Amino acid sequence: MLKKIKQLLANHLIFWLSLMIFLAGTFAMLGWKKHLSFNLEPYPDGLFYTVPAWSLVNGGELSVEFAGSTIPNIVPPLYSLLLVPFYLVFPTPVAFYLLNVVLGSLTIVFLYLSFKEQQNFKQISWLLPLFSLLPLVLWLPSLPMSDNLLITIATAIVWLWLTKKTSVKNKIILLPLLQLLAFLTKYSSFGFLAAFNLIFLWQLSKNKQREELGKYIVILAGLFGSFLLLAKPSYILKVFQPQTETKTSSELVAFSASYFWKNFIAYLKAVLGFADQLVWQRVSLFFYGLLILPLLVIKKSQEIKTLIIFILLTTSLQVFFYSIDIRYIATILPLMMLAVGKSLSLIPKEQLRLSYLAIGVSLLSFILFHQGFYRELIATNWLNRSRAWQYEAVTNLQELDLESDSYLITALPPYLFSFYYPNHPHILPLSDSQEFMNEGQRPWGDSVDYKNLLNDYRSMIDDGQKLYLSNAYITHQQSVVEDYESYKDEFGL
C-alpha cells in the first residue's frame, strides 16, 4: 500500500505540488471567527448565493427573504444548491469557503489532465504550480461567489473539448450538459459558451462530421430550450433591460454597445498581465506578457490559433457588460495556460534560452509587484489579522440581549442577522437610502414608511415601543451618516 502511494506521488509530483501550493495559500483560520469571509461580501452579490442556501437548510425556501419580504434573485441557483449540503454538514455561514477550496482543487485536476495530454508535458509541467500562485486563484475562494464554480466547469469543458481519450460521440452529449451547468452557475458565462460553440461547431463542420454536428445542435438546443421554458425566459431577459441603480436613481443598462471601447482596452490590458479590478483588490489576471509567446508562433500551430481566437472571442463578448472586473473573464485562464504551454515546443531552440530568461524576468516582476497581495493573503489566512467588522457588529449587538419584541435601527444588512443573530429583535432601516440592490428593493417589509422614517419611529416611541439605535456600518455612505446624526439631534442621544 505504501509503495503504491509513493508511486502515485512520484508519477504525479507536479500535480501534488500545485495542489499543495493552492491549499497552503487558501488555508484559513476560520475557527477564530475574525476572517473577512464572515462578512459574506461582496455586497449584495454574496447574499444572493448564501441567503437562499441558508434559508433552505433552516426550513425556508430557496429565496432571498427577510421579514416576509422577498427580493427577486437575479442569479442562477446551481452554486446555492451546491452550498446546501455544506451548510448541512458544517452549520456555519462560511462553509462556502470549504466548497470553494474543493472547486479550486478540481480546477487544478482538470488543468493537470489537459497538460498531461500535451506532447511536451515535461517541458511545460512547471506552468501548473504557477497557476496556483495567481492572485485570482488564491483569493476567490474567500468570496461566496459562483465564479469559483464557473472556473471549474469552464476548465472541465476545455479539457473535454481537447482530450483525445473521449470519443466525439460522447463529447456531443457531455459538452452540452457541462454548458448548461455553466449557465445555471452564472448567466455571464454566455460569452464563454457562445465563443466555445462557434469554435466547436466550426471544427465539426471542417472535419465533415455532419451527423455529429446535427446531433450536437439538437442536444444543445433541447437542453437550453427546456431550461428556458422552465425558468421563465422573461425573468432572465430582465438582465438585459435597463434597471434603476440603487441610491442614484440613474438608469443602469447591464449590456450596451456604449461600454465597448472602454472595457475592450481594460480587458486587453488584463489579458497582457496589467493589473485591474478583482472586486476590491487590484491584481493581475495573468503573468506579465506571457501571452505574447503563443502570438509569436501562432502561424505554426492551428491549435494555438484556435486557443487565441477562443480567448479573444470570450473577452470581446464580455466587453458589452457595464462592469469591469477580471473575474468576468476568468474562464480564459485555462486557455491562456494551454496556449503558453503549446507555444514553448514551437519556439526555435536558439531562441528558447532567451524565452526562458524573459519568462523568468516576467515571473520575478509579477511576484515583486504582487508582494503586497501575498503579504495580505498570509496575514489574513495564516495569521488571522483581518477583521470581519460587520460580523463583529452583529455579534456585539447579540451580546446586548435585546428583547425580541423590541426594534433595532441599523445600517447593517438585515440578512446578516439571519446568519449570526437568529433571535434578533425587529430590524429597521436607519436611512431611506438603504436599499438592497435596485431602487425600491426594501428587505424590511411593507409596513415601514421609508420616506418618513423619523416620524414613523417617533410615533412608535410615543406608542410605548422600545427602539434601539446602532451606529454600526454607518460610514459606508454619507447619507446614512447624516441620517444617524439627525436621529441623535431629534432624540437627544
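Note that the coordinates shown come from a computational prediction; the quantities given were computed from them, not determined experimentally.
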Item to complete: Identify the heavy atoms of N100 and P141 that sit nearest to each other, and give their distance.
Response: ND2-O, 3.0 Å
Worksheet item: In terms of ring plane angle, is the pair W159 and F110 parallel, tilted or perpendicular, where the classes change at 30° and 60°?
Response: tilted
Item to complete: Run the numbers on K269 and D276 for side-chain contact (heavy atoms from CB on, under 4.5 Å), then give the verdict.
Response: CA-CA 8 Å; K269 291 169 67 176; D276 213 316; 5.9 Å; no
Worksheet item: Side chain of T155, backbone of T107: donor and acceptor closer than 3.5 Å?
Response: no
Worksheet entry | Polar side-chain atom of D463 near backbone of Q465 as donor-acceptor pair, under 3.5 Å | no
Discussion item. In this structure, is the centre-to-centre distance between the rings of Y374 and W139 below 6.0 Å?
Written reply: no
Discussion item. If we ignore hydrogens and angles and just use 3.5 Å, is the side chain of D456 paired with the main-chain N or O of N452 as donor and acceptor?
Written reply: no
Worksheet item: If you look only at pairs with a residue in residues 80-89, which of them pass as a side chain to side chain donor-acceptor pair (under 3.5 Å), with sequence neighbours excluded?
Response: none
Discussion item. Has T152 got a side-chain atom pairing as donor or acceptor with L103's backbone, closer than 3.5 angstrom?
Written reply: yes
Worksheet entry | Flag if over 12 foreign heavy atoms under 6.0 Å of CH2, W280 | yes
Worksheet item: Do Q390 and Y420 have a side chain donor and acceptor closer than 3.5 Å?
Response: no
Worksheet item: What is the distance from atom CD1 of I151 to atom CD1 of I332, rounded to the nearest 0.5 Å?
Response: 10.5 Å
Worksheet entry | is_close_aromatic(F190, F183), centroid dist under 6.0 Å | no
Worksheet entry | F66 vs L47 side-chain heavy atoms within contact, under 4.5 Å | no
Practice prompt. Kindly give the heavy-atom pair with the smallest separation between H35 and S386, and that separation in Å.
Written response: CA-OG, 3.4 Å
Item to complete: Without swapping roles, check the side chain of Q371 against the backbone of L368 for a donor-acceptor pair under 3.5 Å.
Response: yes
Practice prompt. Verify side-chain contact (heavy atoms from CB on, under 4.5 Å) between H426 and S406, making sure each step is shown before the conclusion.
Written response: CA-CA 6 Å; H426 302 289; S406 62; over 6 Å; no
Worksheet item: F192 vs F196 aromatic rings, parallel, tilted or perpendicular, using cut-offs 30° and 60°?
Response: parallel
Worksheet item: Between G273 and S284, which heavy-atom pair has the shortest distance, and what is it?
Response: O-OG, 2.7 Å
Discussion item. What's the separation between atom CG in L430 and atom CG in L412, rounded to the nearest 0.5 Å?
Written reply: 9.5 Å
Practice prompt. Using a 4.5 Å cut-off on heavy atoms from C-beta on, say whether the side chain of I311 contacts that of L291.
Written response: yes
Fill in: Side-chain touch R282/Q277, heavy atoms, less than 4.5 angstrom
yes
Worksheet item: Under 3.5 Å, side chain of T314 to main-chain N/O of A195, donor-acceptor pair present?
Response: no
Worksheet entry | F369 vs Y288 side-chain heavy atoms within contact, under 4.5 Å | yes
Fill in: Check: L130 and L363 side chains under 4.5 Å, non-hydrogen atoms
yes
Practice prompt. Apply side-chain contact (heavy atoms from CB on, under 4.5 Å) to T315 and F264, showing your working.
Written response: CA-CA 8 Å; T315 306; F264 178 77; 5.9 Å; no
Discussion item. Does Y216 form a ring-ring contact (aromatic ring centres under 6.0 Å, His included) with F200? I'd like the steps, not just the answer.
Written reply: CA-CA 10 Å; Y216 177 77; F200 190 62; 4.9 Å; yes
Practice prompt. For the residue pair N197 and Q179, confirm or rule out a side-chain donor-acceptor distance under 3.5 Å.
Written response: yes
Discussion item. Please check this pair: side chain of Y328 against backbone of V319, looking for a donor-acceptor N/O pair closer than 3.5 Å.
Written reply: no
Worksheet item: Below 4.5 Å, heavy atoms only, C-beta onward: do L143 and F96 meet side chain to side chain?
Response: no
Discussion item. Under 6.0 Å between ring centres: does that hold for F419 and Y391?
Written reply: no
Discussion item. Set out, in order, the CA-CA distance, both residues' side-chain angles and the distance that settles ring-ring contact (aromatic ring centres under 6.0 Å, His included) for F38 and W389, then state yes or no.
Written reply: CA-CA 9 Å; F38 279 86; W389 294 108; over 10 Å; no
Item to complete: Spell out, as yes or no, whether a donor-acceptor pair under 3.5 Å connects the side chain of W382 to the backbone of A24.
Response: yes
Worksheet entry | side chain to side chain donor-acceptor pair (under 3.5 Å): pairs with one or both residues in residues 55-65, sequence neighbours excluded | none
Worksheet item: Can you tell me if N381 uses its side chain to pair, donor with acceptor, with the backbone of G25 under 3.5 Å?
Response: yes
Worksheet entry | Pairwise distance NZ(K466) to CE(M460) - rounded to 0.5 angstrom | 13.5 Å
Practice prompt. Would you please say whether a donor-acceptor pair under 3.5 Å links the side chains of N148 and Y49?
Written response: no
Worksheet item: Would the number of heavy atoms belonging to other residues, nucleotides or ligands and lying under 6.0 Å from CZ of R385 be above 12?
Response: no
Worksheet item: Does S142 use its side chain to pair, donor to acceptor, with the backbone of S37 at less than 3.5 Å?
Response: no
Item to complete: Work out which heavy atom in V137 is nearest to a heavy atom in F22; give both atom names and the distance.
Response: O-CE1, 3.5 Å
Discussion item. Are more than 12 heavy atoms, taken from residues, nucleotides or ligands other than D462, located less than 6.0 Å from that residue's CG atom?
Written reply: yes
Item to complete: Determine, stepwise, if the pair D147 / K186 fulfils salt bridge (charged side-chain N to carboxylate O under 4.0 Å, His left out).
Response: CA-CA 7 Å; D147 303 86; K186 201 172 181 70; 3.6 Å; yes
Worksheet item: Nearest heavy-atom pair of A388 and L36: which atoms, and what distance?
Response: CB-CA, 4.3 Å
Fill in: Nearest-0.5 Å distance that lies between atom CG in L134 and atom CG in L136
7.5 Å
Item to complete: Taking the side chain as every heavy atom from C-beta outward, state whether M145 and D45 have any atom pair closer than 4.5 Å.
Response: yes
Discussion item. Could you measure the distance from the OG1 atom of T395 to the CG atom of L416? Nearest 0.5 Å is fine.
Written reply: 10.5 Å
Discussion item. Let me confirm one number: the CG-CD1 distance from L138 to I21, rounded to the nearest 0.5 Å.
Written reply: 9.0 Å
Worksheet item: Do F131 and I108 come close enough that some side-chain heavy atom pair is under 4.5 Å?
Response: yes
Fill in: Heavy-atom closest contact (Y267 atom, I324 atom, distance)
OH-CA, 3.6 Å
Worksheet item: Does the pair I409 and L467 meet the rule for a side-chain contact (heavy atoms from CB on, under 4.5 Å), with working shown?
Response: CA-CA 7 Å; I409 303 170; L467 272 69; 3.7 Å; yes
